[in-house]
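A, B, ... follow the sequence lines: proteins, then strands. Residue 1 opens every chain. All of these numbers come straight from a predicted model, not from anything done at the bench.
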Protein chains: 2
Amino acid sequence: MLTGTNLTYTKAFNHRIVFETIRLNGPISRADIARATNLTAQTVSNIVNRLLKRNLIMEGKRMQKKRGAPSVTLDINPKGAYSIGLDFNRDHLTGILVDLAGNLVDKKYFEVNDPTPEASIKLMAETAEDLFEKDKYKNSYLSGIGIGFPGPMQVNQDNTVSNVVNPKSFTHWKNVPVLKLLSQHIDAPIFLENNASAAAIGERWYGVGRNISSFLYSFFGVGLGGGIILNGQLYEGANDNAGELGYTPMDAGVSPLSNSDHPHIGEHFDLTRLYNWLAKSDIKVKSPQDLRALYLDKNEKFMEWIELAKELLAPAFLSVENLLDPEVIILGGRLPEEILKDFSDGLSTRLNNMRIVEKTTGPEFLTATAGEDAAALGAATLPMFDLYAPQPQVLIKKNGQNNSDD
Amino acid sequence: MLTGTNLTYTKAFNHRIVFETIRLNGPISRADIARATNLTAQTVSNIVNRLLKRNLIMEGKRMQKKRGAPSVTLDINPKGAYSIGLDFNRDHLTGILVDLAGNLVDKKYFEVNDPTPEASIKLMAETAEDLFEKDKYKNSYLSGIGIGFPGPMQVNQDNTVSNVVNPKSFTHWKNVPVLKLLSQHIDAPIFLENNASAAAIGERWYGVGRNISSFLYSFFGVGLGGGIILNGQLYEGANDNAGELGYTPMDAGVSPLSNSDHPHIGEHFDLTRLYNWLAKSDIKVKSPQDLRALYLDKNEKFMEWIELAKELLAPAFLSVENLLDPEVIILGGRLPEEILKDFSDGLSTRLNNMRIVEKTTGPEFLTATAGEDAAALGAATLPMFDLYAPQPQVLIKKNGQNNSDD
DNA sequence: TTGGTTAAATAAACTGAATTGATTAATCTT
DNA sequence: AAGATTAATCAATTCAGTTTATTTAACCAA
């Protein structure tokens with residue numbers, strides 16, 4: 001709804017603006033922050049002192065530039081807050097602990113096999129507890145826990161999680177109240193998100209998207225997912241389906257991996273199907289790392305898949321260009337970097353040829369900075385982003401919400 | 001850049017919030033506004049009194065609901081401000097005057113033929129002056145003049161206007177500094193926009209988009225254009241090309257209207273080419289109204305075009321659904337309402353069949369409320385939107401900008 | 001009819017955010 | 001060493017929404 005604002009919200013927003021300015025430009029002085037943000041020096045000074053008290057930033061050494069008094073530099077305090085990210089899948093759970101600067105502090109990896117909700121919740125809770133041991137991080141602040149779910153699963157409005165789209169991959173999951181169950185074990189804010197969207201936020205906050213306000217993140221996970229960042233914020237669409245390139249139709253028979261009535265390109269990127277298809281040619285793979293080896297070997301069969309992948313992605317990305325006109329398209333996920341790089345190069349040239357003559361520019365293709373842990377890092381970013389990112393929504397009143405925060 | 005905010009911006013934003021609440025829900029009492037906006041009654045009272053003083057709203061009669069003192073209703077004052085919209089094309093210029101409530105007050109129409117910039121500027125300035133005669137609207141406020149340019153023309157960053165995409169249609173136009181030239185004749189804020197984007201804003205502010213925060217507006221003008229509204233704001237993309245469905249490729253030979261090396265669906269919607277193609281079958285048409293007659297006659301040749309149009313639009317809109325996931329797709333522009341309605345019905349059912357099985361929902365298709373003057377009304381909305389719409393940007397400082405406004 | 005209750009609107013005093021103006025301190029320039 | 005320049009902050013001010021209290025107008029029950 002149309003809600004107003006007041007000074008409390010102003011304050012919260014300005015705190016975030018100053019924090020973000022330090023995060024992106026640090027080390028930076030109070031005076032430079034004032035210039036960058038159009039806030040007065042006095043205001044910046046007050047906000048900085050409050051952020052210092054909260055241990056979110058720290059002072060560095062004095063720096064003299066030209067004349068005048070030397071300035072004290074400010075920088076993010078990595079130990080000011082921590083966050084846990086869980087990347088949950090049918091076959092594995094990755095849990096990571098990151099600090100405020102986005103550094104990977106700790107990591108746990110578990111192989112699972114189509115786990116029940118009960119077993120999953122238990123594993124998630126234990127992993128989270130292990131990652132942030134109370135005595136080890138005695139005086140530190142845990143901003144929260146983010147959990148990324150594989151693309152085909154859906155985080156419902158009521159925060160239950162179900163797999164509406166592909167019931168066969170997660171046999172035991174249907175409208176599971178993950179948030180409710182987890183909060184019985186965990187005393188910290190919990191955030192649920194589709195792993196592609198989470199990865200997009202991660203890339204926006206810590207990765208190549210730091211200075212890019214609009215991009216599409218193509219996430220190669222178990223299948224093909226997507227997350228869209230517009231004006232610095234996650235755009236999920238009316239039904240949380242925005243960016244789902246995988247649904248793009250393709251002609252029947254084009255991909256040997258397709259087996260549906262409505263062939264769509266997502267099928268070609270289903271890793272399980274890819275492994276099975278390769279197995280038919282006696283090529284044994286069971287992980288993205290195995291694919292990397294195949295790729296470096298220039299394995300003929302796998303190269304066939306790669307070429308077809310680019311063939312299928314090209315028109316989909318042309319649609320992205322025409323419809324969304326993003327500055328950048330980021331490729332990331334579980335596929336090895338070399339393969340993503342191959343995609344990005346191949347797609348760039350393909351799009352140049354497909355574009356109508358009068359148009360000369362298109363989005364730039366980049367590969368994500370986060371590697372195989374993109375989803376987990378993205379999940380870990382969710383609480384951080386919620387607490388510290390300068391989102392315009394912060395400025396707008398919400399019923400019964402208290403914004404005080406000193 | 002990352003800029004902070006302060007109370008001045010808060011005030012400006014809250015004024016817009018209250019105004020918009022009245023606009024959308026009026027007649028409405030101060031107390032109801034307070035409840036709707038989460039602002040206190042006192043704040044609303046203050047803001048309302050300032051808006052009354054500026055003549056933007058007006059008091060109605062007392063209304064008693066249950067117990068307690070009866071409330072005074074408030075409503076938009078249509079005569080509080082006026083706006084001029086110019087829809088400029090190769091073949092015509094439509095100029096309209098609308099009031100604050102979006103009512104059409106006056107309209108001028110001129111046929112032109114590939115006019116030079118000089119002649120065009122002169123005609124625009126004269127039309128604007130005629131529409132808002134000083135003595136006739138003595139005590140009224142003109143919020144500004146909006147001008148919509150046909151899709152293939154481009155409003156450059158430096159506010160010059162050129163036709164980069166299709167140089168053949170506007171032979172005399174290349175990097176014309178429209179804003180500079182017009183402001184020599186006109187003493188009011190001037191806004192330039194692509195006509196599809198303008199129409200989208202018009203529909204957002206006055207039309208079916210009033211309560212829809214994200215939609216794609218497909219604009220059937222001289223060709224096929226598009227405007228995207230996300231979170232209530234116009235999203236133009238990194239190169240102002242977002243929503244340009246016309247660039248969607250199609251196979252060669254599919255549309256008899258195509259003649260390019262890179263066939264794209266926009267070619268099928270080029271009205272000039274359509275007229276010429278129909279002429280080959282001895283069907284003489286030269287206006288959208290003529291097409292309406294053909295449609296009502298169920299003219300065989302024209303129906304062929306209609307069917308192919310839907311055939312081409314369907315996959316493009318499926319991309320929209322998958323990528324943007326909008327609540328609604330609005331069809332509008334110069335094509336007669338009956339044809340747009342046909343498109344919308346046909347596309348709805350087509351998309352239902354193309355969608356992969358597991359997905360059940362898609363965007364709703366609506367036809368625009370504004371008819372053939374959609375572009376002009378949209379253009380007229382630009383100044384209004386800029387002055388009165390509750391945009392989050394209002395909350396953010398801009399260098400050297402003074403936000404005082406009492 | 002009367003007194004009590006409910007609600008709208010606003011006046012007056014308050015709170016808390018950024019701002020403005022003044023001051024101090026550190027460094028460079030000449 | 002004196003003056004200029006810049007960073008940082010203290011102190012006082014401004015001005016937005018908020019809180020509290022008051023007035024007014026209606027309804028309702030006895």
> How close or far is atom P of C:dA8 from atom CG of B:Leu74, stated in whole angstroms?
Replying inline: 13 Å
>> Does C:dA17 have OP1 or OP2 under 4.0 Å away from a side-chain N or O of A:Thr10?
In response: no
>> Rounded to whole Å, how long is the line connecting atom NZ of A:Lys61 with atom C1' of D:dA8?
In response: 20 Å
> Nearest of C:dT10, C:dA17, D:dT9 to any side-chain atom of B:Leu7?
Replying inline: C:dA17
> Just to confirm, is there a sub-4.0 Å distance from OP1 or OP2 of D:dA16 to any side-chain nitrogen or oxygen of B:Arg50?
Replying inline: no
> B:Ile47 has an atom CD1; how far is it from atom P of D:dT18, in whole Å?
Replying inline: 9 Å
> Rounded to the nearest 0.5 Å, how far does OH of B:Tyr9 lie from CZ of A:Phe13?
Replying inline: 12.0 Å
> What is the distance from atom OH of B:Tyr217 to atom OG of B:Ser197, rounded to the nearest 0.5 Å?
Replying inline: 11.0 Å
> In whole angstroms, how far is the C1' atom of C:dA9 from the CG atom of B:Leu52?
Replying inline: 13 Å
>> Applying the side-chain contact (heavy atoms from CB on, under 4.5 Å) criterion to A:Ile201, which one of A:Leu382, A:Leu377, A:Asp386 satisfies it?
In response: A:Leu382
> What does nucleotides 19-30 of chain D look like as a protein-contact string, B for base, S for sugar-phosphate only, - for none, at under 4.0 angstrom between heavy atoms?
Replying inline: B-----BBSS--
> Does A:Arg30 make a side-chain N or O approach to OP1 or OP2 of D:dT9 shorter than 4.0 Å?
Replying inline: yes
> Over how many whole Å does the gap from B:Asn38 atom CG to D:dT18 atom P extend?
Replying inline: 9 Å
> Looking at residues at least two apart in the chain, or sitting in another chain, which of them share a salt bridge (Lys or Arg N to Asp or Glu O under 4.0 Å) with B:Glu327?
Replying inline: none
> Which of these nucleotides, D:dA7, C:dA18, C:dT10, is closest to any side-chain atom of B:Asn49?
Replying inline: C:dT10
> Could you give the angle between the helix axes at the two ends of the helix from C:dT1-D:dA30 to C:dT30-D:dA1, with five pairs per end, rounded to 10 degrees?
Replying inline: 0°
> Is a salt bridge present between B:Glu59 and B:Arg30, judged by a nitrogen-to-oxygen distance below 4.0 Å?
Replying inline: yes
> According to the ring-ring contact (aromatic ring centres under 6.0 Å, His included) rule, which pairs have a member within residues 48-84 of chain B, sequence neighbours left out?
Replying inline: B:Tyr82-B:Tyr137
>> According to side-chain contact (heavy atoms from CB on, under 4.5 Å), who are the partners of B:Arg62, at least two apart in sequence or on a separate chain?
In response: B:Pro70, B:Val72
> Under the ring pair (Phe, Tyr, Trp, His ring centres under 6.0 Å) test, which residues partner A:Tyr235, sequence neighbours left out?
Replying inline: none
>> Does D:dA16 have OP1 or OP2 under 4.0 Å away from a side-chain N or O of B:Asn6?
In response: no
> Over how many whole Å does the gap from B:Glu59 atom CD to C:dA9 atom P extend?
Replying inline: 9 Å
>> Could you measure the distance from the CD1 atom of B:Ile84 to the CD1 atom of B:Ile147? Nearest 0.5 Å is fine.
In response: 10.0 Å
>> Output the rounded distance in Å from CG (B:Leu395) to C1' (D:dG17).
In response: 14 Å
> When you measure from the centre of the six-membered ring of A:Phe19, is the NZ or CZ of A:Arg54 under 6.0 Å away and within 45° of the axis?
Replying inline: no
> Between A:Asn46 and A:Thr5, which is nearer to the 5' end of DNA chain D once each is assigned its nearest nucleotide?
Replying inline: A:Asn46
>> If I take atom CE in residue B:Met63 and atom P in nucleotide C:dA8, what distance separates them, rounded to the nearest angstrom?
In response: 12 Å
